[in-house]
Amino acid sequence: MVGRTTEETRGVSLLGNHGTKYEMDYNPSVLETFENKHKENDYFVKFNCPEFTSLCPITGQPDFATITISYVPNIKMVESKSLKLYLFSFRNHGDFHEDCINIIMKDLIALMNPRYIEVWGKFTPRGGISIDPYCNYGQVNTKWEEIAFNRLANHDLYPEKVDNR
């Protein structure tokens, strides 16, 4: 079978919708899923969002980041336009960098229960320092729980040069 049936894409309403509303504050309800047609395979899906913005909860100044989300799907997968709108909804949301990254991961876990997921935020420097929070999760009592621990434990063994931002 090639393509997807109407049944398989039920619940995907934002893709192709020309009347898309851009939420101006944090809104996880815009996230949509579709069925993983390859449940028998372990594979990564990776999203890069180089234009993420949120607000400092103290000063209200904008924070800019590249957000990378990698996950191994289980039954459901996140629809990319809904993810874009969800990440955009942080634009006027005031939270620390670490909080934003953990919130994103937890919302995606609640949405689709992936086998494994990691979220990494690479924030541009403000005040002479950059902050790059990383979090991950592997399903409990599966090989992915151990993989999550190992990836976290070995996450930043080879730090990058920071002059590329």
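All residue numbers refer to positions in the sequence shown, counting from 1. Please read these numbers as outputs of a predicted model, since none were measured by experiment.
- Annotation: side chain of Arg115 is in contact with side chain of Asp42 (closest heavy-atom distance under 4.5 Å).
- In this structure, Asn27 contributes its side chain and Ser89 its backbone to no donor-acceptor pair below 3.5 Å.
- In terms of modelled atom types and a separation under 3.5 Å, the side chain of Gln139 and the main chain of Thr142 share no donor-acceptor contact.
- Taking the six-membered ring where tryptophan is involved, the planes of Phe44 and Trp144 are perpendicular, since the angle between them exceeds 60° and thus also 30°.
- In this structure, CE on Met77 lies 11.0 Å from CD on Glu79, to the nearest 0.5 angstrom.
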Item to check | Verdict with supporting geometry, Tyr71 and Asn136, side chain to side chain donor-acceptor pair (under 3.5 Å) | outcome: CA-CA 9 Å; Tyr71 75 100; Asn136 73 3; over 6 Å; no

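- Separating the CD atom in Glu118 from the OG atom in Ser70 is a distance of 5.0 Å, to the nearest 0.5 Å.
- Aromatic ring pairs are classed by plane angle as parallel below 30°, tilted from 30° to 60° and perpendicular above 60°; the pair His155 and Tyr134 is parallel.
- Without hydrogens or angle criteria, Asn113 side chain to Ile109 main chain gives no donor-acceptor distance under 3.5 Å.
- No close placement of the Phe123 and Phe64 rings is indicated, their centers lying 6.0 Å or farther apart.
- Leu55 and Pro62 get closest at one heavy-atom pair: CD2-CA, 3.9 Å.
- Taken to the nearest 0.5 Å, the CG atom of Asn92 stands 7.5 Å off from the OG1 atom of Thr53.
- Side chain of Asp99 to backbone of Asp95: no donor-acceptor contact under 3.5 angstrom is found.
- Between Ser80 and Val78 the shortest side-chain heavy-atom distance does not fall below 4.5 Å.
- Taking a cutoff of 4.0 Å between a charged side-chain nitrogen and a carboxylate oxygen, Lys76 and Glu35 do not qualify as a salt bridge.
- Looking only at side-chain heavy atoms (C-beta outward), Tyr116 and Arg151 come within less than 4.5 Å of each other.
- You'll find the side chain of Cys100 stays beyond 4.5 Å of the side chain of Ile103, heavy atoms only.
- If you run salt bridge (Lys or Arg N to Asp or Glu O under 4.0 Å) between Asp63 and each of Lys122, Arg126, Arg91, only Arg126 comes through.
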Next on the checklist: Could you go through Val45 and Phe47, starting from their C-alpha distance and side-chain angles, then the distance that decides it, and tell me whether this counts as side chain to side chain contact (heavy atoms under 4.5 Å, CB included)?
Outcome noted: CA-CA 7 Å; Val45 177; Phe47 294 102; 3.8 Å; yes

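- Phe52 is not connected to Phe96 by any chain of hydrophobic side-chain contacts under 4.5 Å among Ile, Leu, Val, Met, Phe, Trp and Tyr, and they are in different clusters.
- At a threshold of 4.5 Å between non-hydrogen side-chain atoms, the residues Ile101 and Ile67 count as touching.
- Between Asn36 and Ile75, the closest side-chain pair of non-hydrogen atoms is not below 4.5 Å.
- Rounding to the nearest 0.5 angstrom, the gap separating the CG atom in Leu31 from the CG atom in Leu87 is 8.0 Å.
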Item to check | Worked verdict on Asp107 versus Tyr86 for side chain to side chain donor-acceptor pair (under 3.5 Å) | outcome: CA-CA 10 Å; Asp107 285 346; Tyr86 165 73; 2.6 Å; yes

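- Proximity of Asn74 to Pro114: side-chain heavy atoms (C-beta onward) are nowhere separated by under 4.5 Å.
- Thr59 contributes no side-chain N or O that, together with a main-chain N or O of Cys56, makes up a donor-acceptor pair within less than 3.5 Å.
- Side chain of Glu32 to backbone of Leu83: no donor-acceptor contact under 3.5 angstrom is found.
- Residues Thr68 and Lys46 come closest through the heavy atom pair CG2-CE, 3.4 Å.
- Between the side chain of Asn41 and the backbone N or O of Tyr43, no donor-acceptor pair lies under 3.5 Å.
- A distance of 9.0 Å separates CD1 in Ile104 from OH in Tyr26, rounded to the nearest 0.5 Å.
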